[in-house]
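Have a look at the structure below, then the notes.
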Amino acid sequence: MYAYKMYVYNERLLTWNDLTANDADFRILRVDGLNPPSATINTSTCGTIDGSFFNSARLDQRNIVITVLPRRNIEGARLTLYRLFPVNQEVRLRFKNASRDVVITGYVESFEGSLCDFPQTFTISILCPRPYFDSHDINTITLPAPHPDAATLPNQGDIKNGVTMRIEISENLSGEAVRGLTITNTYTGEYMGFTSGLIHDDVIVISTIAGELKAELRRASLSYIINMVGYMSSGSSWFKLAFEANRFTFSTSNNTDQYVSMQISHVDQYAGV
């Protein structure tokens, strides 16, 4: 009996294959790399001062290694695994236990095993450049919120991480542009504001996720995307959600709030399963 379920996404069938429910064809003997990966800590020494000074730290990439025992139809099981774990290709893994349901993306580094051994076993090595596991579920709130609690976005993961936002501007019959749009996390005091005027059918797409930072304006009358980073107001922050609750609100400088709607989405991230 497995303590968790492990799935791999099948690109051919566009569905998740449950590897831990397929004992008739193959059995998962071991999975390494599910605990937090090691960190690289950068320090420096100075003169005659004892010890060292901390400079920076980062989490290394994750290496998940799966050991599989094919059963019954050995040849068929091996070929199935070849298709599910194509070398040099991207794969998505999902792990689910009593506490967590998480996914991670990696690349198959190697598929090793001797066809002459008895019993045959195969070792599949997967490198995951982004080391954190993402929650399988996405938390989303919509603003304006019907009541204050609906504007609260929790972070129950292991790290403080970013969000994605989609802001839409609806039609103002008076023709007045939305100005001074500012989104605020009232629990942390962080805000993100824009100095540019926004008009009907404008869509702003924002990501504050590390490695994916962007703020882009998509205007219906233009065939190109406008980078909004240069229009961010002084003191703006790339939101990182604090642990547990975060409450969002927004305002405009010319009282055009009613023409603004937005969705803010967040995925909890974990250092281990």
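Everything numeric here is computed off the predicted structure, so don't read it as measured data.
Contact between M6 and F95 at its shortest, heavy atoms only, is SD-CE2, 3.2 Å. Residues Y187 and A245 share a closest heavy-atom pair of CD2-O, 3.2 Å. Residues N97 and S99 approach most closely at OD1-N, 2.9 Å, considering heavy atoms. Shown here for P70 and F122, the closest heavy-atom pair between the two residues is CG-CE1, 3.4 Å. The two residues R62 and P37 come nearest to each other via the heavy atoms NH2-CD, 3.3 Å. Scanning both residues, D158 and G272, for their nearest heavy atoms gives OD2-N, 4.2 Å.
The OG1 atom of T123 sits 9.0 Å away from the CG atom of L29 when rounded to the nearest 0.5 Å. Of the inter-residue distances, the one linking L143 atom CG with I141 atom CD1 reads 4.5 Å to the nearest 0.5 angstrom. The distance from the CG atom of D18 to the CH2 atom of W16 is 11.5 Å, given to the nearest 0.5 Å. For the atom pair CD1 of I204 and CD1 of I225, the computed distance is 12.5 Å after rounding to the nearest 0.5 Å. The distance from atom CD of Q156 to atom NE2 of H266, rounded to the nearest 0.5 Å, is 9.5 Å. Atom-to-atom distance recorded for M192:CE and M165:CE is 4.5 Å, nearest 0.5 angstrom.
For D201 and R219, the salt-bridge test fails: no basic side-chain N is under 4.0 Å from an acidic carboxylate O.
If you chain together hydrophobic residues whose side chains sit under 4.5 Å apart, V87 and V8 fall into the same group. In the hydrophobic cluster analysis, where Ile, Leu, Val, Met, Phe, Trp and Tyr join through side-chain heavy atoms closer than 4.5 angstrom, V108 is grouped apart from L127. Residues Y107 and L84 fall into different hydrophobic clusters, defined by Ile, Leu, Val, Met, Phe, Trp and Tyr side chains chained together at heavy-atom separations under 4.5 Å. With hydrophobic clusters built from ILVMFWY side chains whose heavy atoms lie under 4.5 angstrom apart, I124 shares a cluster with L34. One hydrophobic cluster, built from ILVMFWY side chains closer than 4.5 Å, cannot hold both V203 and L222; they sit in different ones.
With respect to L93, the side-chain contact (heavy atoms from CB on, under 4.5 Å) criterion is satisfied by exactly one of Y7, F133, F85: F85.
Annotation: side chain of V260 is not in contact with side chain of L198 (no heavy-atom distance under 4.5 Å). Residues F250 and I264 are not in side-chain contact: their nearest non-hydrogen atoms beyond the backbone lie 4.5 Å or more apart. Within the 4.5 Å cutoff, side-chain heavy atoms of L153 are placed close to those of L241. Residues H200 and N172 fail the side-chain proximity criterion, which asks for heavy atoms closer than 4.5 Å. Using a 4.5 Å heavy-atom cutoff, the side chains of F239 and N246 are not in contact. Residues F26 and I74 fail the side-chain proximity criterion, which asks for heavy atoms closer than 4.5 Å. Two residues are said to be in side-chain contact when any heavy atoms from C-beta on lie closer than 4.5 Å; V102 and Y132 fail this criterion. You'll find the side chain of D268 reaches within 4.5 Å of the side chain of N139, heavy atoms only.
The backbone N or O of I126 lies less than 3.5 Å from a partner atom in the side chain of N63, making a donor-acceptor pair. Between the N161 side chain and the V267 main chain, a donor and an acceptor come within less than 3.5 Å of each other. Judged purely by atom type and a 3.5 angstrom limit, D257 uses its side chain to pair as donor or acceptor with the backbone of T252. In this structure, T188 contributes its side chain and E190 its backbone to a donor-acceptor pair below 3.5 Å. Using a distance-only test at 3.5 Å, with no hydrogens or angles considered, no donor-acceptor pair links the side chain of T249 to the main chain of T184. When atom types are taken as modelled, the side chain of T195 and the backbone of Y231 share a donor-acceptor pair closer than 3.5 angstrom. Panel note: side chain D202, backbone I169; no donor-acceptor pair is recorded below 3.5 Å. Panel note: side chain N10, backbone R83; no donor-acceptor pair is recorded below 3.5 Å. Between the side chain of K5 and the backbone N or O of R94 there is no donor-acceptor pair closer than 3.5 Å. With hydrogens and angles ignored, the 3.5 Å screen pairs no side-chain donor or acceptor of T164 with any backbone N or O of S207.
The environment of CZ in R30 is sparse: at most 12 heavy-atom neighbours from other residues, nucleotides or ligands sit within 6.0 Å. At most 12 heavy atoms of other shown residues, nucleotides or ligands fall within 6.0 angstrom of atom CD1 in I138. Counted within 6.0 Å of OH on Y224, heavy atoms from surrounding residues, nucleotides or ligands total 12 or fewer; the atom is thus considered open. Atom NZ of K96 has 12 or fewer heavy atoms from other residues, nucleotides or ligands within 6.0 Å.
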- Query: Would R130 and Q269 satisfy side-chain contact (heavy atoms from CB on, under 4.5 Å), going step by step from the backbone distance to the final call?
  - Reply: CA-CA 11 Å; R130 305 299 294 272; Q269 290 188 312; 5.7 Å; no
Give the C-alpha distance, both sets of side-chain angles, the deciding distance and a yes or no for side-chain contact (heavy atoms from CB on, under 4.5 Å) between M232 and W238. CA-CA 10 Å; M232 290 171 62; W238 296 96; 3.9 Å; yes
*Give the intermediate values and the outcome of side-chain contact (heavy atoms from CB on, under 4.5 Å) for residues V31 and V65.*
CA-CA 6 Å; V31 181; V65 180; over 6 Å; no
Could you walk me through whether Y191 and S237 pass side-chain contact (heavy atoms from CB on, under 4.5 Å), step by step?
CA-CA 6 Å; Y191 66 88; S237 298; over 6 Å; no
For S135 and D137, what are the C-alpha separation, side-chain angles and deciding distance, and is it a side chain to side chain donor-acceptor pair (under 3.5 Å)?
CA-CA 5 Å; S135 171; D137 298 318; 4.8 Å; no
- Query: When you look at R166 and E168, which way does the salt bridge (Lys or Arg N to Asp or Glu O under 4.0 Å) test go after all the steps?
  - Reply: CA-CA 7 Å; R166 180 181 174 88; E168 298 183 359; 2.9 Å; yes
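For the residue pair D60 / T40, a side-chain donor-acceptor distance below 3.5 Å is found, with atom types taken as modelled.
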